[in-house]
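As structure tokens, the structure follows; a few thoughts come after it.
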Amino acid sequence: MSDSDWLSRRTVLKQAGVGAGLVGLAGCSSSGGDGGDEGDSGGEDTETEASMDETTTTSSSGSDDEVRVGFLHPTSGPFAALGEAQQRGSEVATAHVNEDLGGILGNNVRRFVEDTEGDPSTGREMARRHVETNDVDVLIGGVSGAVNLSVADYAYDVGVPYFAYGGPEEITGEECLPTTFRYQYSDAQIARSGAEWALENLGSRVWIHIADYAFGQSIARTWKDAFEASGLDYTIVNETQTPLGTSDYSAVISQIQSSDADWVLQGFSGSDAVNFLSQAEQFELGQDIMSTTNTYLPLRQGAGSSAVGTYTTIRYEPTYESEANQMLVDRYTSTFDEPPTDFALVMWSSLRLYAQAAESAGSLETSAVVSAMEGLESDEPMGSTTMRECDHQAVRDGFVGRITEPDQYDWPGQEIVATRTADDITRTCEETGCDLPSL
Amino acid sequence: MSTNQLAFLILNGLALSMLYILIASGFAVIFGITDVLNFAHGVFYMLGAYLAFTVVDATGSFAIALILGPLVVAGLGIGIERLTLHYIYDRSPLYHVLITFGVLLIVTDVVEFVWGTGTKFFPTPDLLGGAVSIGPVIYPRYRLFTIAAGACIAFLTWALFRYSDFGLIVRGGAQDKQTVRLMGVNISRYYTLIFGLGTFLAAIAGALAAPFLSVNPAMGDDALIIAFVVVAIGGLGSFGGSIVAGVIVGFIQTITNTFASEISGFVLYLLLFGVLILKPEGILGAYEIREQAAKLSYDRTIDPLNLTDRRVLVVLGLLLLIPLAFEGFSLSQYGMGLIALMFVWGILALSLDTVTGYTGLISFGHAAFYGIGSYAVALLTVHFTSSFVLGLAAAVTVAAVVAWLVGAVSARLSGLYFAVVTFAVGQMLYQLALSWSGFTGGSNGLAIDNVTLLGALDLSNTFVFYYLALSLLVLCYYLVKRIMDSPFGLQLKAIRESERRAKFLGYDTNKAKRRVFAISGAVGGVAGALFTTRQTFTSPDTLYWIVSGDALFAVILGGVGTLYGPIIGGAVLLGLDQALTIYFDYWRLILGAVLIFIVLFAPRGLVSFYYIFEDRLGDDDPAGGTANPETVAPRDEEEAVQE
């Protein structure tokens with residue numbers, strides 16, 4: 001460039017300005033990045049205000065005398081409604097551990113929240129933010145299986161315990177990791193809760209319709225396994241799929257309508273499920289619908305009356321009678337004035353399990369916590385739970401239910417129609433294909 | 001096939017066709033008359049559904065909702081048009097696309113803020129609930145109602161354009177604005193009305209669809225894609241064509257859903273490619289691209305900076321020093337990683353600038369190359385080797401080949417068709433990555449082991465990655481700048497200014513376009529490869545069209561057609577994104593507003609601030625006070641930009 005050798009005081013000043021600006025930028029990211037650094041108390045305050053919802057009123061002075069928990073909730077993006085439900089759960093869970101259990105190892109639990117946007121890359125980036133800038137001791141959350149898998153992989157890389165929310169069986173199966181634990185049911189547990197019951201009560205002829213993505217494919221696979229495992233006679237009349245996010249289900253509904261299937265297995269959630277259910281109602285579909293997701297409160301709110309009468313495996317029911325559940329319901333309803341959800345339950349129980357393991361290990365050190373977690377037994381809201389040593393999957397009872405007319409609230413309720421024992425619904429250690437790598 | 005099945009097939013096909021026609025008609029109206037590709041079409045559709053939901057909730061009447069909701073949306077559409085598009089019809093469609101993309105970002109966040117993010121239950125109106133017997137089958141009343149309503153609305157709209165004075169004037173305006181002005185008609189007022197009509201149609205489609213499609217913030221994305229494909233198949237600018245295409249697409253989709261549901265996600269795109277290859281102007285499109293409107297030209301040229309320019313060297317020097325300065329802080333990894341990702345976004349924006357800024361082709365599918373690069377590294381690492389050099393080579397090669405092929409299909413299509421085709425390619429790859437889970441890991445994505453450089457350096461180390469990304473950014477910039485300075489680069493600029501004249505001079509412009517698209521794809525592949533290396537993870541989201549939109553945003557934000565501007569834009573966009581997410585839940589709203597502001601008031605992006613400040617301050621130091629201190633540019637006073 002012809003003027004590149006034109007040097008004056010102005011140019012020098014400009015260059016200085018550029019430099020200062022750039023360092024300013026870098027300084028900005030580093031002060032954000034140093035939020036948890038003790039030396040940078042100003043930065044810490046901003047970070048605290050901004051990216052976390054502090055439930056403890058006592059202010060913390062450093063990372064030594066508090067337990068830092070990183071929650072991952074997709075509060076924006078496609079799973080935002082579910083992420084918000086999770087976020088309410090993690091708030092109540094933190095308050096519970098601090099106020100009812102006296103914290104962990106005598107220290108307050110401090111809650112950090114980051115938004116995964118439901119995107120696995122962002123989820124991983126936010127897990128990184130938790131570990132590198134929030135300096136957390138444990139990660140909990142994520143909704144979609146994709147985010148769970150990408151976070152689990154990262155948590156193992158950096159040696160931080162992670163409590164998954166998503167259901168893919170590989171999380172505690174072929175891709176199991178020593179740092180990963182799951183209180184949530186695996187898809188395989190859900191399938192075995194529902195499959196045998198459905199064959200016995202709804203009929204032996206089933207139509208499987210799934211959304212063509214990981215979750216739907218996992219449902220088709222695990223339910224077929226579960227049909228086989230039940231030892232009952234069954235016929236799969238047809239297996240169909242629609243792309244994720246399909247809005248028009250008329251073609252498949254009219255096919256099911258004119259078939260001799262007894263019931264349909266609905267392999268999708270979210271707006272796909274809402275569309276499917278409301279269109280099935282408009283078509284006056286004669287077949288029963290069995291799902292693994294209609295238990296979700298946001299789905300029942302979305303589908304309204306069209307969900308009534310469908311069957312579902314139940315993940316959480318606020319009226320379930322147990323002391324532990326009463327505690328959750330009381331705390332949650334007094335904070336939010338609505339019943340807790342499965343999303344809240346899993347946050348609640350995951351944090352409680354972590355707290356108990358840390359207490360029994362006497363330290364927050366990952367390897368100590370991991371070995372204390374293995375085989376840990378605890379009374380949780382939906383019954384007693386054991387964290388299995390071989391795959392880090394919580395083993396607990398499963399439930400089948402039916403969606404009922406709205407009664408206490410504006411949206412449909414659910415009733416438990418059958419309970420299945422933990423042993424009946426859980427795969428054996430050999431079946432899972434899990435071979436835990438070393439920590 | 002039983003009569004039962006046939007009856008269902010016909011009814012389902014009809015219902016879907018009418019829905020598609022409803023969705024596409026508003027889009028077709030606006031495009032046909034004003035040449036604006038309205039990316040906000042989907043959000044207006046969504047807003048119509050939400051307003052109808054609220055009105056039904058308040059009044060209990062679906063009929064009132066069906067009128068009131070769309071009227072409010074039309075009012076909003078008119079307001080937006082008067083504030084933004086009204087002033088820039090004579091500019092390149094690139095700016096129209098970006099304005100409407102900004103509106104999309106804002107409206108989506110407003111809707112999420114007002115109505116929440118969950119799916120809303122929209123009860124079927126009582127009178128239209130349940131099902132009735134039609135011949136051999138029982139069919140939902142509401143669907144029969146939408147078939148009738150869709151046919152009515154399509155007919156009325158067609159009649160309005162065909163037989164009214166209003167229709168006569170706007171059709172005239174679409175053909176020749178000047179002549180209509182000479183006849184004493186203020187055509188720009190009609191443009192405003194057309195935009196209002198288009199948004200009204202979008203909203204009424206949303207309200208009608210609400211009772212059988214769920215109401216949620218994502219519903220607009222689907223509608224936008226459908227509108228795009230139907231209008232492109234029908235022939236951009238032909239309203240009748242959209243109706244014919246709606247029927248064809250609706251029936252083919254229904255048949256596929258019934259008999260081959262495995263490929264139902266690809267029907268739209270396959271049809272689009274089929275039609276564009278056989279009949280590039282669409283089924284009924286006798287439409288000529290209006291050269292004047294479709295070209296991107298600048299008041300002035302801002303030349304790319306040389307790497308040896310002192311200011312560039314100073315910036316580079318500082319960037320080289322940052323990681324060393326960070327050494328003292330134990331927790332600065334995140335900040336350093338963030339700057340490294342800024343380099344990655346800089347490379348992506350740079351790649352898009354070669355096509356859009358230099359050649360004037362609007363690519364709305366650059367996510368394709370980013371995603372291909374990303375998957376190339378991920379798949380190679382999973383199956384063969386963790387070598388970064390090989391991964392990068394694969395990423396660059398595959399991305400370049402795919403880009404060349406896309407170019408081969410679409411380079412002969414000018415202007416907006418190019419945007420449509422690239423958009424469709426990106427979305428098709430996204431759908432493929434989602435469905436083909438055995439190969440791509442589906443929506444779960446692929447987590448990979450750490451990638452290594454030359455077998456020794458572990459690239460998951462932030463420090464190493466930082467320098468790798470920086471050197472690749474510099475290398476890409478150097479190579480692209482060399483290419484753009486060559487005779488080939490001049491040829492590209494000639495194509496941008498006037499493809500016809502470039503042809504007269506004997507250049508094979510299609511060949512040049514294919515080549516530059518391949519180069520651009522290759523550079524985009526580099527960005528994707530780096531992204532996966534950093535994240536040790538990839539997922540279909542890297543291929544989603546929002547990434548393409550963000551890349552265009554970055555190019556405009558930094559300064560289109562300057563090569564270094566987009567790099568700054570990419571870095572600033574990523575920084576903004578990361579900073580805003582910490583403080584605001586509704587940060588996309590802010591980004592949308594920034595985008596609209598930039599397009600309206602600083603169409604040459606952040607680099608033009610340099611000139612504005614230089615103009616205002618004379619000899620004073622401009623860099624210290626600019627929004628972006630990295631902005632450095634040639635400073636010949638007489639070249640000062642006139643915005």
Side-chain angles (χ1 to χ4, degrees), chain A residues 1 3-4 10 13-15 17-19 21-22 26 29-30 33-34 36-37 50-51 76 78 80-81 115 119-121 124 128-129 132-133 145-146 149-150 153 212-214 217 240-245 247-248 250-252 254-255 258 271 274-275 278-279 282-284 298 301-304, chain B residues 4-5 8 12 15-16 117-121 123-124 131 138 140 142 212-214 216 218 222 254 257-258 261-262 264-265 306 309-311 314-315 318 322 326 329 331-335 338 431 434-435 437 442-445 447 535 537 539 541 581-583 585 619 621 623-624 629-630 632:
Chain A
M1 199 166 280
D3 55 6
S4 62
R10 208 177 105 208
L13 276 177
K14 265 184 210 159
Q15 288 167 350
V18 168
L22 200 65
S29 357
S30 89
D34 285 346
D37 197 327
S51 72
S76 63
D115 177 9
D119 167 32
S121 303
R124 200 179 175 90
R128 194 197 291 274
R129 197 188 265 183
E132 290 181 356
T133 82
L149 286 164
S150 80
D153 186 63
D212 192 10
Y213 75 118
Q217 290 156 355
T240 48
Q241 61 233 297
T242 38
L244 179 62
S247 46
D248 178 58
S250 53
V252 69
S254 36
Q255 278 178 287
S258 27
S271 62
V274 171
N275 284 332
S278 64
Q279 290 170 32
Q282 287 171 351
F283 270 89
E284 299 183 345
Q301 288 168 331
Chain B
N4 205 332
Q5 271 180 315
F8 267 130
N12 288 336
L16 199 61
T117 50
T119 300
K120 298 280 179 207
F121 176 58
T124 314
I138 297 179
Y142 191 78
F212 70 98
L213 309 183
S214 58
N216 65 61
D222 269 355
T254 301
N257 290 351
T258 311
S261 62
E262 306 79 31
S264 61
N306 274 324
D309 186 285
R310 283 200 186 80
R311 289 153 301 178
V314 169
V315 172
L318 284 165
I322 282 177
F326 272 9
F329 304 95
L331 289 171
S332 59
Q333 295 273 316
Y334 184 78
L338 193 62
Q431 195 68 54
L434 213 53
S435 300
S437 45
S443 59
N444 282 348
Q535 302 289 48
F537 181 79
S539 71
D541 292 282
T581 45
I582 296 179
Y583 300 102
D585 279 352
D619 269 359
D621 163 29
E630 280 175 84
V632 281

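Heavy-atom basis, side chains included; hydrogens, waters and symmetry copies ignored. Small disclaimer: the values here were computed from a predicted structure and weren't measured.
In this structure, chain B has no heavy atom under 4.5 Å from any part of A:D115. Proximity to chain B involves both the backbone and the side chain of A:Q241, based on heavy atoms less than 4.5 angstrom apart. The contact between A:S278 and chain B is made entirely by side chain atoms (from C-beta outward), counting heavy-atom distances below 4.5 Å. Proximity to chain B (any heavy atom under 4.5 Å) is shown, for A:S150, by both the backbone and the side chain.
The two residues A:Q282 and B:T124 make their nearest non-hydrogen contact at NE2-OG1, 3.0 Å. The two residues A:G302 and B:F121 come nearest to each other via the heavy atoms O-CB, 2.8 Å.
Counting only heavy atoms from C-beta outward, the side chains of B:T254 and A:S250 never approach each other to under 4.5 Å. Contact annotation: the side chain of A:P243 never approaches that of B:L434 to less than 4.5 Å [non-hydrogen atoms, C-beta and beyond]. A:Q279 has its side chain within reach of B:L213: a pair of non-hydrogen atoms, C-beta onward, lies under 4.5 Å apart.
Between the side chain of A:R124 and the backbone N or O of B:F537 there is no donor-acceptor pair closer than 3.5 Å.
Take B:F8 and apply the ring-ring contact (aromatic ring centres under 6.0 Å, His included) test, not counting sequence neighbours, and it matches no residue. Judged as a side-chain contact (heavy atoms from CB on, under 4.5 Å), and not counting sequence neighbours, the contacts of A:Y213 are A:A211, A:F215, A:L244, B:S443.
Taking B:A131, B:G265, B:A15 one by one and counting their heavy-atom pairs under 4.5 Å with chain A, the maximum is reached by B:A131. For chain B, the option among A:T242, A:V252, A:V274 with the highest count of heavy-atom pairs below 4.5 Å is A:V274.
Separating the CG atom in A:D153 from the CD atom in B:Q535 is a distance of 11.5 Å, to the nearest 0.5 Å. Here the CG-OG distance, from B:N216 to A:S271, works out to 4.5 Å after rounding to the nearest 0.5 Å. Rounding to the nearest 0.5 Å gives a distance of 10.5 Å between CG of A:D248 and OG of B:S264.
Side chains of B:N12 and A:S254: a donor on one and an acceptor on the other come within 3.5 Å.
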